[in-house]
*Asks:* 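Mind looking over this structure? Questions follow.
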Amino acid sequence: MPELPEVEVIRRGLAARLVGRRFLKVSASDKPLRQQSPLSFLQSRLAGNRLTAVKRKGKYLLFILEDGSTLLVHLGMTGRLMVGEPGALATLPHVHLRVSLDNGLELVFQDVRRFGRVLLFEPGVPIAPLAQVGRDPFSRAVTAAWLAGEARGRLRPLKNFLLDGRILAGLGNIYACEILFAAGLHPETPAGRLSLKDWERVLKETRRILAKAIRRGGTTVNDYLNSQGETGLFQFELMVYGRAGEPCRVCGTPIRRLVQAGRSTFFCPACQKLKRRGRQNITTKTPRH
DNA sequence: CACCCCACCTGCGTGC
DNA sequence: TGCACGCAGGTGGGGT
């Protein structure tokens, strides 16, 4: 479900309402998430512990606790984190974790498909899943030259490159499609064939689109709700995602759908031309190790 | 290595 | 109405 903008909107909502609160009791459903710390471990570490910050890395949320432990949450496809009155949340289906707070409210993790992850790390324990997470698109460490270096020599389609969270963290299927449209690049272009100018455009549009989506509260196509149960608004600004057969908002050409690495890609065949030929970029690649 | 496929789940819309 | 099928904001293990 959620990509960087949705996770960031949730992070801000939770930070505003939860930082400084103590967690009290924890309960879980009988159905496990894809990955989840044992309930007894969550209970023993969280009970009485105060939340000092809510951070984000890629699509991961990190709840930093005052004793130095970290609760790592990934929402998968359909995960939601919501805060509210226990009475109002009591009847929600598919709630897999409930945590009561010292102000009488409750934090719940709801996840229909159970692709989500909730893992607790004690102080000093390395947070293994984060080792695979790439750079945040807003980080100053992300530049057009760096992207060009990462893509150098790679034949994989640009769309798949953008979806690889070990490089750029936080892009998912919706925003990858929207970024490629905004940059005027065909999703099947081999990543290594982009020029530095292309990468400058990709990076500029990535930041512009993600920032705007955050301002709009994220994209609700189907399931996404923020921590207060509200939908986003960016779905009204989508140019290509989910619009197969509909006219391009720029040129009127019907939007096309194709499948790449098992996932739908939406693009305008007129606005996004495939560069079959083109200069290989010659940026020096920084060694990975 | 680089890259793709597929499984992991549940629900919903479509077409027969 | 029922049923089969395809599809869905993600990830990572295993295979080529």
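Order of the sequence lines fixes the chain letters, A, B, ..., with proteins taken first and strands second; residue numbering starts at 1 for each chain.
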*Asks:* Taking the six-membered ring for Trp, are A:Y60 and A:H74 parallel (under 30°), tilted (30 to 60°) or perpendicular (over 60°)?
*Replies:* perpendicular
*Asks:* Starting at atom CZ of A:F161, determine the distance to atom C1' of B:dC1, rounded to an integer number of angstrom.
*Replies:* 15 Å
*Asks:* Starting at CG of A:L158, measure out to CG of A:D198 and round the result to the nearest 0.5 Å.
*Replies:* 8.5 Å
*Asks:* Nearest heavy atom decides the nucleotide; on that basis, is A:R113 or A:N222 closer to the 5' end of DNA chain B?
*Replies:* A:R113
*Asks:* Are there more than 12 heavy atoms of other residues, nucleotides or ligands under 6.0 Å from atom CZ of A:R207?
*Replies:* yes
*Asks:* Can you tell me which nucleotide in C:dG10, B:dT10, C:dA8 comes closest to the side chain of A:F115?
*Replies:* C:dG10
*Asks:* Check the phosphate of B:dC9 against A:T78, side-chain N and O only, distance under 4.0 Å to OP1 or OP2. Yes or no?
*Replies:* no
*Asks:* For A:Q235 and A:Y241, what are the C-alpha separation, side-chain angles and deciding distance, and is it a side chain to side chain contact (heavy atoms under 4.5 Å, CB included)?
*Replies:* CA-CA 9 Å; A:Q235 63 273 23; A:Y241 183 83; over 6 Å; no
*Asks:* Taking the same atom, P, in C:dC3 and in B:dC9, what whole-Å distance lies between them?
*Replies:* 23 Å
*Asks:* For a quick check, with a 4.0 angstrom heavy-atom cut-off, what is the B/S/- contact string for nucleotides 11-16 of chain C, read 5' to 3'?
*Replies:* BS----
*Asks:* Looking at CG of A:L42 and OG of A:S69, how far apart are the two atoms once the value is rounded to the nearest 0.5 Å?
*Replies:* 10.5 Å
*Asks:* Starting from P on B:dC4, measure out to CG on A:L158 and report it in whole angstrom.
*Replies:* 12 Å
*Asks:* So what does the secondary structure string of DNA chain B come out as, 5' to 3', with Watson-Crick or wobble pairs under 3.5 angstrom, [ ] for crossing and | for pairs with another strand?
*Replies:* .|||||||.|||||||
*Asks:* Please pick, from B:dG11, B:dA2, C:dG10, the nucleotide with the shortest atom-to-atom distance to any side-chain atom of A:E3.
*Replies:* C:dG10
*Asks:* Before accepting this row, confirm whether a basic side-chain N of the pair A:K59/A:E3 lies closer than 4.0 Å to the acidic partner's carboxylate O.
*Replies:* no
*Asks:* For B:dC3, take OP1 and OP2 only and decide whether either is under 4.0 Å from a side-chain N or O of A:N160.
*Replies:* no
*Asks:* Are the charged groups of A:R56 and A:D136 less than 4.0 angstrom apart, N to O?
*Replies:* yes
*Asks:* To the nearest angstrom, how far is A:I167 atom CD1 from B:dC1 atom C1'?
*Replies:* 13 Å
*Asks:* Looking at every strand, decide which applies to A:P157 at a 4.0 Å heavy-atom threshold: base, sugar-phosphate, or nothing.
*Replies:* sugar-phosphate
*Asks:* Is it the case that one hydrophobic cluster holds both A:L130 and A:L65, taking links as side-chain heavy atoms less than 4.5 Å apart, direct or via other members?
*Replies:* no
*Asks:* Any donor-acceptor pair under 3.5 Å linking the side chain of A:Q35 with the backbone of A:R117?
*Replies:* no
*Asks:* Does A:R114 make a side-chain donor-acceptor contact with the base of B:dC9, cut-off 3.5 Å?
*Replies:* no
*Asks:* If you compare every side-chain N and O of A:H94 against the phosphate oxygens of B:dC9 (OP1, OP2), does one of them come in below 4.0 Å?
*Replies:* no
*Asks:* Starting at atom CZ of A:R166, determine the distance to atom P of B:dC4, rounded to an integer number of angstrom.
*Replies:* 11 Å
*Asks:* Nearest whole Å is fine: how far is B:dC5 C1' from A:R156 CZ?
*Replies:* 13 Å
*Asks:* Let me know the distance between CG of A:L155 and C1' of B:dC4, rounded to the nearest Å.
*Replies:* 14 Å
*Asks:* Within this structure, what is the CG-to-C1' distance between A:N173 and C:dC7, rounded to whole angstrom?
*Replies:* 12 Å
*Asks:* Mind checking A:V221 for me? I need base, sugar-phosphate or nothing, with any heavy atom below 4.0 Å counting as a touch.
*Replies:* base
*Asks:* What is the distance, to the nearest angstrom, from the NZ atom on A:K159 to the C1' atom on B:dA2?
*Replies:* 18 Å
*Asks:* Are A:R12 and A:E8 ion-paired here, with the side-chain N under 4.0 Å from a carboxylate O?
*Replies:* yes
